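Scroll down for the structure; my scribbles are underneath it.
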Amino acid sequence: MRDFSGVKRVVFKVGTSTLTHESGLVNLRRMEKLIKVIADLKNAGKEIVLVSSGAISVGAGKLGLDTRPSDIPSKQAAAAVGQCELMYIYDKLFGEYYHNVAQVLLTRDVVEEPDRKRNVINTFSKLLDWGVIPVVNENDTVATEEIEFGGNFGDNDTLSAIVAEIVGADALVILSDIDGLYTKNPKEDPTATLITRVEKVDDEVFSLAGGSGSNRGTGGMITKLYAARITQQAGIDMYILNGKQPEVLYDFFDGKEIGTLFVGVKS
């Protein structure tokens with residue numbers, strides 16, 4: 001059994017495949033379940049930061065585009081539309097449980113420049129003091145280099161690790177479309193087994209990562225391993241869980257060993 005008695009501040013990262021249908025439109029039933037569970041965890045005393053992907057895909061779906069945009073201007077425009085849609089849903093659904101949300105859009109340069117990073121830290125600190133749930137995404141509308149190269153933050157996986165470090169989180173929980181890190185690709189090899197604990201993200205662990213994720217996102221296991229390397233060095237435990245059934249978070253925080261734990265190196 002895992003012990004979460006000392007875990008108060010948690011960063012959740014939700015991927016595009018968790019938030020949307022294959023059509024790109026929002027998976028409302030799953031989002032409603034996810035937000036209800038997160039709101040309940042907050043009621044239980046957790047401080048929550050939510051890193052949310054999905055803006056480009058949701059925007060493309062709302063605009064009725066047949067496929068996810070491939071050129072930079074279209075991706076930027078779709079992200080602008082999708083970000084509005086996502087924040088409307090988050091605000092509406094969290095509001096039903098009497099929780100306030102705030103939008104925080106970041107780019108790599110903001111967190112790398114000391115004065116601007118301090119401003120970000122101060123904003124997060126005040127929002128959490130006020131009991132607000134920050135909803136974080138990469139600012140795809142202006143950061144063309146992030147879109148073009150698959151995300152300098154890495155499809156928000158790396159961003160979520162950086163955010164976890166910035167806010168001094170006790171844990172980062174990445175909700176994906178897979179149960180965790182496997183010895184082989186479980187979609188291709190039935191002998192693949194789940195790895196429940198990783199002490200060090202080294203070359204051997206990276207060799208287990210396959211290609212990109214779903215056709216609605218740009219991530220995959222490789223970006224999650226980059227995120228795990230950041231959190232390990234920061235002394236923050238990171239977990240990969242399957243987000244298809246959000247209620248699994250109750251079992252998770254009850255201490256059941258589900259998903260993969262990447263152990264943070266404590267100083």
Side-chain angles (χ1 to χ4, degrees), residues 12-36 38 50-94 101 103-108 135-160 174-179 185-188 209-227 240-246:
F12 291 97
K13 185 268 176 178
V14 188
T16 302
S17 60
T18 299
L19 295 174
T20 64
H21 293 288
E22 288 290 341
S23 64
L25 295 174
V26 173
N27 189 327
L28 289 171
R29 179 169 63 176
R30 188 176 293 160
M31 282 195 73
E32 287 176 349
K33 290 180 180 179
L34 175 65
I35 289 170
K36 182 178 181 180
I38 291 178
L50 179 60
V51 177
S52 174
S53 297
I56 295 176
S57 183
V58 169
K62 187 172 184 180
L63 290 166
L65 304 180
D66 293 334
T67 59
R68 178 186 171 93
S70 57
D71 64 282
I72 301 303
S74 295
K75 287 183 178 181
Q76 289 178 282
V81 173
Q83 191 64 34
C84 289
E85 180 77 356
L86 283 173
M87 284 308 303
Y88 170 77
I89 295 171
Y90 283 129
D91 185 54
K92 181 179 184 296
L93 295 182
F94 274 117
V101 298
Q103 177 178 250
V104 180
L105 297 176
L106 296 175
T107 52
R108 172 74 76 170
V135 179
V136 188
N137 199 354
E138 193 168 358
N139 195 348
D140 294 330
T141 303
V142 300
T144 57
E145 67 276 10
E146 277 79 4
I147 295 177
E148 186 175 2
F149 298 109
N152 275 346
F153 286 125
D155 189 42
N156 282 353
D157 292 322
T158 303
L159 172 61
S160 67
I174 293 182
L175 297 172
S176 184
D177 56 359
I178 192 170
D179 294 335
N185 187 338
K187 298 178 182 178
E188 299 175 355
S212 63
S214 71
N215 59 8
R216 305 192 301 286
T218 57
M221 188 56 66
I222 190 69
T223 58
K224 292 167 180 56
L225 295 181
Y226 282 125
I240 299 175
L241 305 179
N242 196 320
K244 291 183 178 180
Q245 298 296 330

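Numbering starts at 1 and runs along the sequence shown. Since the structure is predicted, the reported quantities are computational estimates derived from the model, not experimental observations.
- With sequence neighbours left out, Y226 forms a ring pair (Phe, Tyr, Trp, His ring centres under 6.0 Å) with F206.
- Counting heavy atoms from C-beta on, the side chains of Q103 and Y90 never come closer than 4.5 Å.
- Put simply, CG on D66 and OG on S23 are 11.5 Å apart, with the number rounded to the nearest 0.5 Å.
- Listed by chain and number, the residues in a side chain to side chain donor-acceptor pair (under 3.5 Å) with E32 amount to none (sequence neighbours excluded).
- The only option from L159, N139, V51, N137 that meets the side chain to side chain contact (heavy atoms under 4.5 Å, CB included) definition with L106 turns out to be L159.
- Distance CG/L241 to CZ/F12: 9.0 Å, rounded to 0.5 Å.
- Taking the side chain as every heavy atom from C-beta outward, Q245 and K33 approach each other to under 4.5 Å.
- With sequence neighbours excluded, the residues forming a salt bridge (charged side-chain N to carboxylate O under 4.0 Å, His left out) with K62 are E85, listed by chain and number.
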- Walk me through it: do R108 and T158 pass the test side-chain contact (heavy atoms from CB on, under 4.5 Å)? CA-CA 10 Å; R108 172 74 76 170; T158 303; 4.3 Å; yes
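- Here the side chains of R30 and L19 are not in contact, with every heavy-atom distance at 4.5 Å or above.
- Side-chain N/O atoms of S53 and N156 include a donor and acceptor closer than 3.5 Å.
- A side-chain donor-acceptor contact under 3.5 Å links S74 and D71.
- Qualifying side chain to side chain contact (heavy atoms under 4.5 Å, CB included) partners for A60, counting only residues two or more places apart in sequence or in other chains: L65, P69.
- The closest side-chain heavy-atom distance from L25 to T20 is not below 4.5 Å.
- With a 4.5 Å cut-off on side-chain heavy atoms, L175 and L34 count as touching.
- The shortest side-chain heavy-atom distance between V136 and L50 does not fall under the 4.5 Å cut-off.
- The side chain to side chain contact (heavy atoms under 4.5 Å, CB included) check on K36 picks up Y97, with sequence neighbours excluded.
- Contacts of S176 classified as side chain to side chain donor-acceptor pair (under 3.5 Å), with partners at least two apart in sequence or in another chain: none.
- For K92, the side chain to side chain donor-acceptor pair (under 3.5 Å) test picks out E96, with sequence neighbours left out.
- D179 pairs by the side chain to side chain donor-acceptor pair (under 3.5 Å) definition with Y182, N242, not counting sequence neighbours.
- The two residues L86 and S52 make their nearest non-hydrogen contact at CD1-OG, 4.2 Å.
- Scanning all heavy atoms of the two residues, the minimum distance from I174 to A227 falls at CD1-CB, 4.4 Å.
- Salt bridge status for D177 with K244: absent, with no side-chain N to carboxylate O gap under 4.0 Å.
- Under the side chain to side chain contact (heavy atoms under 4.5 Å, CB included) criterion, L28 pairs with V26, I89, not counting sequence neighbours.
- The side chain to side chain contact (heavy atoms under 4.5 Å, CB included) search around V101 returns M87, D91, F94, I133, V135, not counting sequence neighbours.
- Side-chain atoms of S57 never come within 3.5 Å of backbone atoms of G54 as a donor-acceptor pair (strictly under, hydrogens ignored).
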